[in-house]
Amino acid sequence: MTPLFAIGAAPLEVDRIAATLAGAASDSADSDGAVVTFLGLVRNHNMGRRVHYLEYEAYEPLALKAFERIGREAAARWPDARLALHHRVGRLEIGEASIAIVVRSPHRGNAYAACRYAIERVKQIAPVWKREFFDGGDVWVEGATANPDDEGARAEAERLACA
Amino acid sequence: MRVTVRLFARLRDITGAAELARDTAPGATIGEIWRDLAREFPELTGYERSISTAVNADYARMDTRVAEGDEIAFLPPVSGG
């Protein structure tokens, strides 16, 4: 059985991830009318550099807890949306998917919003790092200081989700 | 008292180790462990204001006190997704 939240080296299988959400709603609830899928892909250019490939590293047990937290936050904000999130680690080539987020909901609006919220929160609080290998060198990309209790950051993710 | 320190990404490159065993005084805070480490590896000093920290795979604060056998993680700014 594919878990709702996962991190590991295996390639992402969107159909299997989506299948974990199928039929999970109770009979009394509205049936789902929307599935929104987000795949984050490795790009061949970043900050004016030609990228050859990326290496992802994670503090995996904490990353998993961060994904579960993001799932709980999304469920609190969009109660009818259900979310699955898988992230890859290790070497990823250009065009490969590093993250897959799938959201099912009775209506598309909440599915889109919860999906956008989840990727913004991953970038804020998931202990995952990418190392970029480009022409002439490599660099660890450093974004946000992870602080799950920073309500300002969480509110910004929600604002982007609802924009 | 002995704790394990986990280091990730650029912090791991600076120290040359993904994991270090460190002896520390009972009741030491994570901040004290970090400052000892930064004395040992001065390049870490620049990360003082931007790191996050965790104890036993739960986010923690620099003033969190650690216990024998704890796993302390220092996390540079994240870049997942």
Side-chain angles (χ1 to χ4, degrees), chain A residues 7 38-43 46-47 54-70 85-89 92 97-101 115-132 138-150 153 157, chain B residues 3-22 29-35 37-38 41-81:
Chain A
I7 184 156
F38 173 78
L39 285 179
L41 308 181
V42 177
R43 292 182 298 141
N46 188 36
M47 313 269 288
L54 298 180
E55 277 181 12
Y56 279 85
E57 170 178 322
Y59 186 19
E60 293 189 17
L62 183 57
L64 207 52
K65 288 179 188 174
F67 298 162
E68 289 163 356
R69 178 190 179 110
I70 292 165
L85 194 165
H86 288 210
H87 203 301
R88 275 187 84 181
V89 292
L92 272 77
S98 55
I99 185 167
I101 301 171
C115 190
R116 177 71 191 270
Y117 179 82
I119 183 61
E120 298 302 331
R121 286 298 271 160
V122 165
K123 288 177 174 293
Q124 290 175 347
I125 68 167
V128 179
W129 301 270
K130 58 174 152 262
R131 186 179 205 158
E132 201 176 273
D138 66 83
V139 65
W140 284 106
V141 181
E142 295 180 345
T145 294
N147 177 5
D149 298 325
D150 180 350
Chain B
V3 297
T4 301
V5 176
R6 300 276 310 266
L7 297 149
F8 293 89
R10 174 104 177 92
L11 305 187
R12 178 167 52 77
D13 286 353
I14 289 172
T15 60
E19 193 173 310
L20 295 166
R22 282 293 176 270
T29 64
I30 294 177
E32 286 161 5
I33 294 168
W34 169 260
R35 284 187 287 278
L37 211 58
F41 303 99
E43 258 193 282
L44 292 177
T45 309
Y47 280 91
E48 171 98 29
R49 290 170 176 279
S50 62
I51 51 165
S52 305
T53 184
V55 178
N56 301 328
D58 276 313
Y59 278 113
R61 293 160 32 130
M62 291 299 252
D63 60 5
T64 302
R65 292 188 187 282
V66 301
E68 169 75 28
D70 277 353
E71 176 177 288
I72 319 303
F74 292 114
L75 316 169
V78 298
S79 55

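Everything numeric in this text was worked out from a predicted model, so none of it was measured.
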Sorted by number, residues from residues 67-79 of chain B in contact with chain A (heavy atoms, under 4.5 Å): B:Glu71, B:Ala73, B:Leu75, B:Pro76, B:Pro77, B:Val78, B:Ser79
Reported CH2-to-CZ distance for the pair A:Trp140 and B:Phe8, which is rounded to 0.5 angstrom: 10.5 Å
Engaged part of A:Ala58 at the chain B interface, taking heavy atoms whose separation is under 4.5 Å: backbone
Interatomic spacing from CD1 in A:Ile119 to CD1 in A:Ile99 - rounded to 0.5 Å: 4.0 Å
For A:Phe38, all residues meeting ring pair (Phe, Tyr, Trp, His ring centres under 6.0 Å), sequence neighbours excluded: none
Proximity breakdown for B:Ala9 and chain A, heavy-atom pairs closer than 4.5 Å: both
Heavy-atom contact with chain A under 4.5 Å, split by part of B:Asp13: side chain
Atom pair CD1 (A:Ile7) and CZ (A:Phe67), whose distance is rounded to the nearest 0.5 Å: 4.5 Å
Heavy-atom side-chain proximity of A:Met47 to A:Val141 below 4.5 angstrom: no
Under 4.5 Å from any heavy atom of chain B - which part of A:Ala146: both
Proximal component of A:Lys65, with respect to chain B [non-hydrogen, under 4.5 Å]: side chain
Residues that A:His86 engages under ring pair (Phe, Tyr, Trp, His ring centres under 6.0 Å), provided they are two or more places apart: none
Nearest-0.5 Å distance that lies between atom CG in A:Leu64 and atom OH in A:Tyr59: 12.5 Å
Interface moiety of A:Glu55 toward chain B, non-hydrogen atoms closer than 4.5 Å: neither
Residue list, salt bridge (charged side-chain N to carboxylate O under 4.0 Å, His left out) with B:Arg65, at least two apart or on another chain: none
Pair B:Arg10 + A:Asp138, salt bridge at N-O below 4.0 Å: no
Contact origin within B:Arg12 toward chain A - heavy atom pairs under 4.5 Å: side chain
Side chain, backbone, both or neither of A:Pro127 within contact of chain B (heavy atoms, under 4.5 Å): both
Backbone of B:Ala60 reached by a side-chain donor or acceptor of B:Thr53 within 3.5 Å: no
Beyond-backbone contact of B:Ile51 with B:Met62, side-chain heavy atoms, under 4.5 angstrom: yes
Side chain, backbone, both or neither of A:Leu62 within contact of chain B (heavy atoms, under 4.5 Å): both
Under 4.5 Å from a heavy atom of chain B, the part of A:Tyr56 involved: side chain
